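Structure, as structure tokens:
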There are 2 protein chains.
Amino acid sequence: MKCVTEKSEDKIREAAKRVFLKKGFDGTTSRDIAKEADMNIALTNYYFRSKEKLFLEIFKDVLEEYFQNMLTILNKDIDIKQKISEIIDNDFAMMKQEPDLVIFIMNEIHKSPQRLFPDMSIFRQVRETHLKKQLEEGAANGTLRPMQLENILPLIKCGVEFIFMGKEIHKELFMMSDEDFEKYAEEQKEHIKAMVCNYLVIG
Amino acid sequence: MKCVTEKSEDKIREAAKRVFLKKGFDGTTSRDIAKEADMNIALTNYYFRSKEKLFLEIFKDVLEEYFQNMLTILNKDIDIKQKISEIIDNDFAMMKQEPDLVIFIMNEIHKSPQRLFPDMSIFRQVRETHLKKQLEEGAANGTLRPMQLENILPLIKCGVEFIFMGKEIHKELFMMSDEDFEKYAEEQKEHIKAMVCNYLVIG
DNA sequence: ATAAATTTTAAACAAACATTTAAAATATAC
DNA sequence: GTATATTTTAAATGTTTGTTTAAAATTTAT
């Protein structure tokens with residue numbers, strides 16, 4: 001019995017991720033996780049010692065998942081307009097694939113930030129990215145509006161993430177069905193690309 | 001004994017709002033609320049019948065609080081650039097005064113949308129606002145890029161709300177202190193105003 | 001002043017909670 | 001094949017949960 005059956009530890013980890021993302025830490029019980037993993041309730045603590053430890057392990061993975069693809073794009077040696085477009089497309093794809101991810105991260109960090117920041121080397125990687133150099137060069141030679149990474153990056157990300165985080169309220173507010181929203185989100189994505197690029201790139 | 005002492009029902013309502021906003025529905029216990037209100041645990045159910053009913057009542061108020069000021073500005077008969085600026089300033093002030101409000105609304109609706117939308121007449125009011133007419137007129141006479149209300153409104157609101165919802169992660173990611181963040185948020189606010197107006201207003 | 005209605009209290013309720021136990025089942029080592 | 005180590009199980013642990021109870025305190029009405 002090698003890889004035909006998945007290891008119990010991994011089954012629990014994956015089930016826990018699904019449940020935590022959907023219900024949050026406070027809304028998730030050990031029994032929810034055991035049931036989702038189709039395993040005995042005691043195994044959660046056998047493998048991970050506590051609900052808290054299991055959560056922290058998963059949260060770290062989720063936070064890295066959130067930054068990893070973006071980081072790869074930020075470091076590509078491509079035109080800045082193209083780079084912004086790719087980040088937004090990537091964000092958009094991520095929100096469609098994992099609709100719970102961003103609101104989960106935001107909410108958990110908001111509720112207890114101190115508990116959730118371990119040695120996050122990924123943060124340093126984001127700060128020291130190739131985009132930073134592009135911004136400095138562009139500002140120096142007058143092709144880009146002078147802006148810091150910390151100013152432009154949220155402007156790139158907020159548009160897509162905001163409408164997906166608030167998908168249900170936007171649907172209700174503007175009386176959209178699920179398919180209406182899908183079309184709307186695509187429109188919005190293109191507005192964001194154009195708006196941010198127009199603002200950053202001079203001429 | 002008229003207004004010298006606050007009515008118990010209101011004390012509980014206000015305490016519950018503070019606790020719910022901070023900890024969310026799942027993270028809040030009836031005892032948390034009773035303690036915050038400095039009242040006996042049984043009074044929550046005496047006045048509101050259940051934690052759920054108390055929550056729904058408060059959520060409705062909070063959602064209206066979120067939209068009310070914006071709605072007033074949306075209906076003012078002022079220049080569209082000025083209007084956008086005022087909405088953003090208003091959003092900014094709201095996020096400073098009630099930092100938990102937007103992430104609370106987003107997260108609760110995300111977790112269980114069906115349960116939280118009663119007869120929200122405020123939604124209709126937002127859809128039928130004076131800004132909508134301004135957008136139509138501007139598109140017709142070529143002064144504004146043709147855009148629907150549902151496209152421009154999130155672009156106006158997402159910038160400020162996103163950085164405040166993610167205040168702690170932005171502080172950690174960009175190594176900012178609280179006062180750094182305050183300065184940064186002000187910068188960001190001006191970027192957003194300029195970016196959105198540049199995009200919407202032609203010429 | 002007294003009776004009735006309302007508000008507040010301490011105590012209790014069963015259900016759900018995270019976690020632990022110790023035995024049973026299974027896999028691994030020799 | 002037997003002994004040892006690992007994994008899984010059902011059951012129980014003590015706490016905390018939302019809610020209820022019934023009596024006590026207080027306010028209101030007559």
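None of these values were measured; they are calculated from a predicted model. Sequence lines set the chain letters: A, B, ... in the order given, protein chains first and strands last, and positions in each chain run from 1.
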Of the candidate nucleotides C/dT20, D/dT19, C/dT8, which contains the atom at the shortest distance from the side chain of A/Ala42? C/dT20
Sorted by chain and residue number, the salt bridge (charged side-chain N to carboxylate O under 4.0 Å, His left out) partners of A/Lys96 (sequence neighbours excluded) come out as A/Glu182
Using a 4.0 Å cut-off on heavy atoms, which residues in residues 12-39 of chain A reach DNA chain D? List them by number, or say none. none
If we ignore hydrogens and angles and just use 3.5 Å, is the side chain of A/Ser112 paired with the main-chain N or O of A/Arg115 as donor and acceptor? no
Distance-only donor-acceptor pairs under 3.5 Å for side chains of residues 67-74 of chain A, two or more places apart:
{"residue": "A/Thr72", "atom": "OG1", "partner": "A/Gln68", "partner atom": "O", "Å": "3.2"}

Rounded to the nearest Å, what distance is computed from the CD atom of residue A/Glu9 to the P atom of nucleotide D/dT7? 9 Å
Measure from CG on A/Asn40 to P on D/dA12 and round the result to the nearest Å. 14 Å
B/Lys167: side-chain hydrogen bond (donor to acceptor under 3.5 Å, both in side chains) partners, not counting sequence neighbours: B/Asp178
Whole-Å gap separating P (C/dT6) and NZ (B/Lys7): 14 Å
Candidate nucleotides D/dT8, C/dA18, C/dT8, ranked by approach to the side chain of A/Lys51 - the nearest: C/dA18
Could you tell me which residues satisfy side-chain hydrogen bond (donor to acceptor under 3.5 Å, both in side chains) with B/Asn40, sequence neighbours excluded, listed by chain and number? none
Between B/Ile41 (CD1) and D/dT17 (P), how many Å, whole number? 9 Å
If the condition is salt bridge (charged side-chain N to carboxylate O under 4.0 Å, His left out), which residues does A/Asp100 pass it with, not counting sequence neighbours? none
What nucleic acid atoms does A/Thr44 come within less than 4.0 Å of, heavy atoms only: base, sugar-phosphate, or nothing? nothing
Give one of base, sugar-phosphate or nothing for A/Phe48, where a contact means two heavy atoms less than 4.0 Å apart. nothing
What is the separation between atom NZ on A/Lys11 and atom P on D/dT7, rounded to the nearest whole Å? 15 Å
Looking at C/dA18, I'd like to know if its phosphate oxygens (OP1 or OP2) sit under 4.0 Å from a side-chain N or O belonging to A/Asn45. no
Without decimals, in angstroms, what is the distance between A/Leu43 CG and C/dT26 C1'? 13 Å
Quick one: is the NZ or CZ of B/Lys157 closer than 6.0 Å to the six-membered ring centre of B/Phe162, and within 45° of its axis? no
Could you tell me the separation between the OH atom of A/Tyr46 and the C1' atom of D/dA10, rounded to a whole number of Å? 17 Å
